[in-house]
Amino acid sequence: MSKPMVGVVMGSDSDWPTMKEATEILDHFDVPYEKRVVSAHRTPDIMANYGKEARKRGIQVIIAGAGGAAHLPGMLASHTTLPVIGVPVKTTALGGVDSLYSIVQMPNGIPVATVAIGKAKNAGLLATRMLGMSDESLAKKLENYHKKMAEESMKKTENLK
């Protein structure tokens with residue numbers, strides 16, 4: 001397997017059903033990635049080191065999913081200059097709105113791109129687009145993906161009988 005270009009991290013393995021959608025998109029585009037549980041609260045030193053060392057290991061984009069307090073994306077962004085994409089994970093208490101607010105309300109200087117609650121697939125696509133800026137073959141795959149999506153959408157008119 002190629003050296004990982006994307007780091008897919010989550011605060012707990014309970015976030016995996018959501019975050020798996022990001023890895024499925026990365027698999028679709030043959031983008032090498034790594035996946036890990038890295039908790040901002042339970043393993044803060046490991047989390048900080050992950051952010052600090054990611055670039056040296058070849059990671060170009062980090063996708064971080066978190067529910068509840070949802071500090072992981074922002075804390076990782078404070079330890080790296082790599083782009084971080086936050087995925088708010090739906091929670092039982094507040095349906096993921098708590099996660100969304102925590103991730104999207106970053107202070108100036110520590111940006112985190114944020115997708116909708118539970119939309120890890122979009123995080124995978126956003127990471128792929130970022131990588132496609134300097135990878136022409138990946139950009140072409142994205143163009144084909146969007147063309148196919150548009151064709152499938154147009155066919156849905158046939159369902160309106």
Side-chain angles (χ1 to χ4, degrees), residues 1-135 138-139 142 145-146:
M1 184 174 169
S2 299
K3 192 174 186 180
M5 298 170 70
V6 177
V8 179
V9 296
M10 59 218 80
S12 172
D13 61 351
S14 63
D15 300 333
W16 177 239
T18 298
M19 298 305 292
K20 185 176 182 185
E21 292 182 13
T23 65
E24 289 169 350
I25 283 293
L26 296 172
D27 285 336
H28 176 81
F29 288 102
D30 298 317
V31 173
Y33 62 89
E34 62 185 21
K35 56 186 185 283
R36 294 188 186 171
V37 171
V38 180
S39 173
H41 301 108
R42 291 178 288 273
T43 59
D45 293 334
I46 293 170
M47 181 272 314
N49 286 334
Y50 185 89
K52 290 174 185 176
E53 297 170 1
R55 183 185 302 275
K56 290 182 219 168
R57 294 184 302 99
I59 299 296
Q60 296 179 40
V61 181
I62 297 172
I63 300 173
H71 292 124
L72 182 61
M75 290 303 297
L76 279 169
S78 72
H79 290 286
T80 186
T81 57
L82 293 173
V84 176
I85 304 168
V87 179
V89 175
K90 187 173 182 178
T91 58
T92 55
L94 298 171
V97 174
D98 50 340
S99 307
L100 174 66
Y101 286 162
S102 182
I103 296 170
V104 79
Q105 291 292 351
M106 293 302 297
N108 284 333
I110 310 294
V112 174
T114 309
V115 297
I117 297 167
K119 300 297 184 186
K121 181 177 182 177
N122 276 347
L125 283 166
L126 184 55
T128 303
R129 287 178 172 200
M130 290 173 175
L131 296 170
M133 291 173 60
S134 60
D135 182 330
L138 194 53
L142 281 161
Y145 179 85
H146 282 272

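For this chain, numbers begin at 1 and follow the sequence in order.
- Panel note: side chain S102, backbone A70; a donor-acceptor pair is recorded below 3.5 Å.
- A116 and P88 get closest at one heavy-atom pair: O-CD, 3.8 Å.
- Counting heavy atoms from C-beta on, the side chains of S12 and R42 come closer than 4.5 Å.
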Stepwise side chain to side chain contact (heavy atoms under 4.5 Å, CB included) test for T18 and K90: CA-CA 9 Å; T18 298; K90 187 173 182 178; 6.0 Å; no

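- Rounded to the nearest 0.5 angstrom, L142 CG and M133 CE are separated by 12.0 Å.
- Side-chain atoms of Q60 and M130, non-hydrogen and from C-beta on, never get closer than 4.5 Å to each other.
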R55/T81 under side-chain hydrogen bond (donor to acceptor under 3.5 Å, both in side chains): CA gap, chis, key distance, verdict: CA-CA 9 Å; R55 183 185 302 275; T81 57; 2.6 Å; yes

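- The shortest distance between side-chain heavy atoms of V104 and V112 does not fall below 4.5 Å.
- No donor-acceptor pair under 3.5 Å is formed between the side chain of T91 and the backbone N or O of G67.
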Stepwise side chain to side chain contact (heavy atoms under 4.5 Å, CB included) check, Y33 with D27: CA-CA 9 Å; Y33 62 89; D27 285 336; 3.0 Å; yes

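- Taking 4.5 Å as the limit, every side-chain heavy atom of I117 sits out of range of all side-chain heavy atoms of S99.
- No more than 12 heavy atoms of other residues, nucleotides or ligands lie within 6.0 Å of CZ in R129, so this atom counts as exposed by the packing criterion.
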Side chain to side chain contact (heavy atoms under 4.5 Å, CB included) between Y145 and L125, intermediate numbers included: CA-CA 10 Å; Y145 179 85; L125 283 166; 3.7 Å; yes

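- Within the model, atoms CD of E53 and CD1 of I59 stand 11.5 Å from one another, a figure rounded to the nearest 0.5 Å.
- A distance of 13.0 Å separates CE of M19 from CG of D13, quoted to the nearest 0.5 Å.
- Here the CG-CD1 distance, from L126 to I85, works out to 4.0 Å after rounding to the nearest 0.5 Å.
- Within a 6.0 Å sphere centred on CD1 of I110, heavy atoms belonging to other residues, nucleotides or ligands number more than 12.
- Tested against Y50 for a side-chain hydrogen bond (donor to acceptor under 3.5 Å, both in side chains), the candidates R36, E34, H79 yield a single pass: E34.
- Looking at T80, its side chain never comes within 3.5 Å of a backbone N or O of K52 through a donor-acceptor pair.
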Pair M75-M47, side chain to side chain contact (heavy atoms under 4.5 Å, CB included): steps then yes or no: CA-CA 8 Å; M75 290 303 297; M47 181 272 314; 3.7 Å; yes

